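Everything below concerns the one structure shown next.
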Amino acid sequence: SLAKEDWDSYEQSLRFKAHPFVESKCAEPTLSKKYLELRNYWTEKTKELQCFEEKNNCIFIDAYGLQDELTPDVPLAEITLTCNPHYRYSGDKSEQELEDLLRGDTMREFISYAVGCMFGRFSLDKPGLILANQGETLEDYLRQVPEPRFTPDADNVIPLLDGDWFPDDITGRFREFLRVTFGDEHYEENLHFIETALGKKGKPLPIRDFFLKDFYTDHVKRYKKRPIYWLFSSPKGSFNALIYLHRYRPDTASIVLQYLRDFRSKLVSERDHQTQVSISTSASQGEKTKALKRIEELKKILVELDDYERDTLYPLATNQVALDLDDGVKVNYAKLGAALKKIPGLDAADE
């Protein structure tokens, strides 16, 4: 029962209900205190299972008369609970290193749960899977959760960009999720706790940087190269948009294409603004130099986006590609081809 409880507290389990932070009965609204409570609980359960295993060893040692040959002791590294960092992380690591790894992974799991809520896979208001069948929509979600505290994305496309270019950008939606879940009063403190846990050597990692650089790699690893969220990505990653496979429809690529075009229009507007700055008589030389540098950056990005639309995304949107979940991720991912971020090893033979 201890092992089952441990496994079911992670979203890969079919019996997963919600992230422990959300299920926690701890009245404290700060994540630091919620995490401390959770960490103490995990320690208690790990020691409880260790005690059971050592008692079992005593029974067998006594039964076979092996008192002089075996000891009942079981090291923490052999207590097979995911919440036990001594088992979860191999190698010769200090206690502090183990704690930092566990805290960071717990925050990544919480962020993954938040993204699940953004797409309607999970809900703050109902435990377990909500949308998990092919082609389901926001309407299907609202039939199960009529008045959600946090409403999922309507069109199943969430931009993942370097700034607040869209109101439903993933970073903005995560900030909203954090406020809805734990309130406004401790929002900044909670966000800082997450960013510190994601960082290294005490240096926080901004949540937008995590989404841009680490989130999809973490997701692919979590689902063992069979992701349920797919990332449309231009060749150099200037444009990214996340979708939920189970809500995919043949027109999804067309929706992504519209986001791409809107993003390009916003970049063109910025380029024109920077051009005005570069020739303005009231701008300082430093401002003009900065504007010229930004103009060159934008030119390269616009070329990248034009090529991505012409060669990849527009043809895909025109073809209205249908997917069948029963074919599996490996087959379906290939159907969208270069429009998606490449996953190293996806084509390898299944074990």
Side-chain angles (χ1 to χ4, degrees), residues 19 21-22 29-31 107-125 130-131 137-138 141-142 145 147-199 204-219 227-234 237-244 247 252 255-270 273 298 301 305 341:
H19 189 275
F21 284 162
V22 176
T30 62
L31 282 181
M107 295 309 118
R108 292 180 184 90
E109 288 148 11
F110 174 67
I111 292 170
S112 180
Y113 172 73
V115 173
C117 290
M118 293 178 202
F119 281 117
R121 181 174 176 84
F122 306 120
S123 171
L124 290 172
D125 304 291
I130 310 299
L131 300 183
T137 64
L138 180 60
Y141 178 94
L142 293 174
V145 188
E147 297 181 358
R149 285 180 287 162
F150 182 82
T151 305
D153 190 77
D155 59 17
N156 190 37
V157 177
I158 299 180
L160 201 159
L161 302 168
D162 63 355
D164 294 322
W165 297 98
F166 294 94
D168 59 344
D169 173 80
I170 196 167
T171 301
R173 290 238 66 193
F174 179 74
R175 292 174 182 273
E176 178 191 356
F177 179 83
L178 200 57
R179 291 181 187 276
V180 170
T181 308
F182 303 116
D184 288 330
E185 183 180 357
H186 298 279
Y187 165 74
E188 293 293 345
E189 180 182 349
N190 287 336
L191 181 61
H192 180 71
F193 181 77
I194 292 171
E195 292 180 336
T196 300
L198 294 174
L205 176 66
I207 191 66
R208 186 179 297 280
D209 289 352
F210 170 77
F211 278 122
L212 284 173
K213 300 174 183 177
D214 299 338
F215 172 77
Y216 199 62
T217 299
D218 177 73
H219 177 68
I228 57 173
Y229 309 132
W230 289 7
L231 189 66
F232 281 79
S233 184
S234 59
S238 298
F239 172 82
N240 301 282
L242 205 64
I243 69 164
Y244 177 29
R247 289 180 60 187
T252 296
I255 299 172
V256 176
L257 176 60
Q258 189 57 54
Y259 274 94
L260 175 70
R261 289 173 172 173
D262 290 348
F263 182 48
R264 185 204 295 120
S265 296
K266 293 172 188 288
L267 293 182
V268 169
S269 295
E270 186 190 351
H273 169 70
L298 290 169
I301 294 173
L305 300 188
K341 186 173 181 65

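Basis for what follows: all heavy atoms, side chains included, without hydrogens, waters or symmetry-related copies. Computed from a predicted structure; not experimentally measured.
- Between Phe211 and Asn240, the closest side-chain pair of non-hydrogen atoms is not below 4.5 Å.
- Of all the heavy atoms in Ser238 and Phe263, the pair that sits closest is O-CE2, 3.5 Å.
- Here Leu205 contributes atom CG and Ile207 contributes atom CD1; the two are 7.5 Å apart, rounded to the nearest 0.5 Å.
- With Tyr259 as the fixed residue, the ring-ring contact (aromatic ring centres under 6.0 Å, His included) test singles out one of Phe166, Phe232, Trp165: Phe166.
- Residues Phe119 and Leu242 are in side-chain contact: their nearest non-hydrogen atoms beyond the backbone lie under 4.5 Å apart.
- Taking every heavy atom of both residues into account, Pro206 and Glu195 meet most closely at CA-OE2, 3.5 Å.
- Interatomic distance, Ile130 CD1 to Leu142 CG, rounded to the nearest 0.5 Å: 11.0 Å.
- Once rounded to the nearest 0.5 Å, the distance linking CD1 of Ile301 with OG of Ser234 reads 9.0 Å.
- Separation of atoms CG (Asp155) and OG1 (Thr137) is listed at 12.0 Å; rounding is to 0.5 Å.
- Here the closest non-hydrogen pair linking Ile228 and Arg121 is CD1-NE, 3.4 Å.
- Each of Tyr113, Phe177, Tyr141 was scored for a ring-ring contact (aromatic ring centres under 6.0 Å, His included) with Phe122, with one residue passing: Tyr113.
- Residues that satisfy the ring pair (Phe, Tyr, Trp, His ring centres under 6.0 Å) test with His186, not counting sequence neighbours, are absent from this structure.
- One finds the OG1 atom of Thr181 at 6.5 Å from the CZ atom of Arg149 (value rounded to the nearest 0.5 Å).
- For Phe193, there are no ring pair (Phe, Tyr, Trp, His ring centres under 6.0 Å) partners at least two apart in sequence or on another chain.
- Contact of the Arg264 side chain with the Phe239 side chain is not registered, since no non-hydrogen atoms from C-beta on lie closer than 4.5 Å.
- The closest side-chain heavy-atom distance from Val115 to Phe215 is below 4.5 Å.
- Here the closest heavy-atom approach between residue Asp169 and residue Leu161 is recorded as OD1-N, 3.4 Å.
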| said: Show, in sequence, the C-alpha distance, side-chain angles and deciding distance for Leu178 and Leu31, and conclude whether the side-chain contact (heavy atoms from CB on, under 4.5 Å) test is met. | reply: CA-CA 10 Å; Leu178 200 57; Leu31 282 181; 4.2 Å; yes
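- Classification of the Phe110-His19 ring pair by plane angle, with boundaries at 30° and 60°, yields perpendicular.
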key: Residues Arg173, Glu176; criterion salt bridge (Lys or Arg N to Asp or Glu O under 4.0 Å); working and verdict   = CA-CA 5 Å; Arg173 290 238 66 193; Glu176 178 191 356; 3.3 Å; yes
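- The two residues Leu131 and Arg247 have their closest heavy-atom pair at CD1-CD, 3.8 Å.
- Atom CG of Asp164 and atom CZ of Arg175 lie 7.5 Å apart (nearest 0.5 Å).
- Side-chain N/O atoms of Ser112 and Tyr229 include no donor and acceptor closer than 3.5 Å.
- Side chains of Asn156 and Ile255 form no contact here, defined as non-hydrogen atoms less than 4.5 Å apart.
- A heavy-atom distance below 4.5 Å is found between the side chains of Ile111 and Leu198.
- Smallest separation of non-hydrogen atoms from Ala197 and Met107: CB-CG, 3.4 Å.
- Residue Lys213 qualifies as open at atom NZ: its count of foreign heavy atoms under 6.0 Å is 12 or below.
- Partners of Tyr216 by ring pair (Phe, Tyr, Trp, His ring centres under 6.0 Å), not counting sequence neighbours: none found.
- Residues Thr30 and Asn190 have side chains in contact (heavy-atom distance under 4.5 Å, counting atoms from C-beta outward).
- Figure legend: Arg208 and Phe174 shown without cation-pi pairing, the cationic atom not lying both under 6.0 angstrom from the six-membered ring centre and within 45 degrees of its axis.
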Practice problem: Step by step, work out the side-chain contact (heavy atoms from CB on, under 4.5 Å) result for Lys341 and Trp230. | Solution: CA-CA 8 Å; Lys341 186 173 181 65; Trp230 289 7; over 6 Å; no
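- Looking at Thr151 and Leu138, their side chains come closer than 4.5 Å, going by heavy atoms from C-beta outward.
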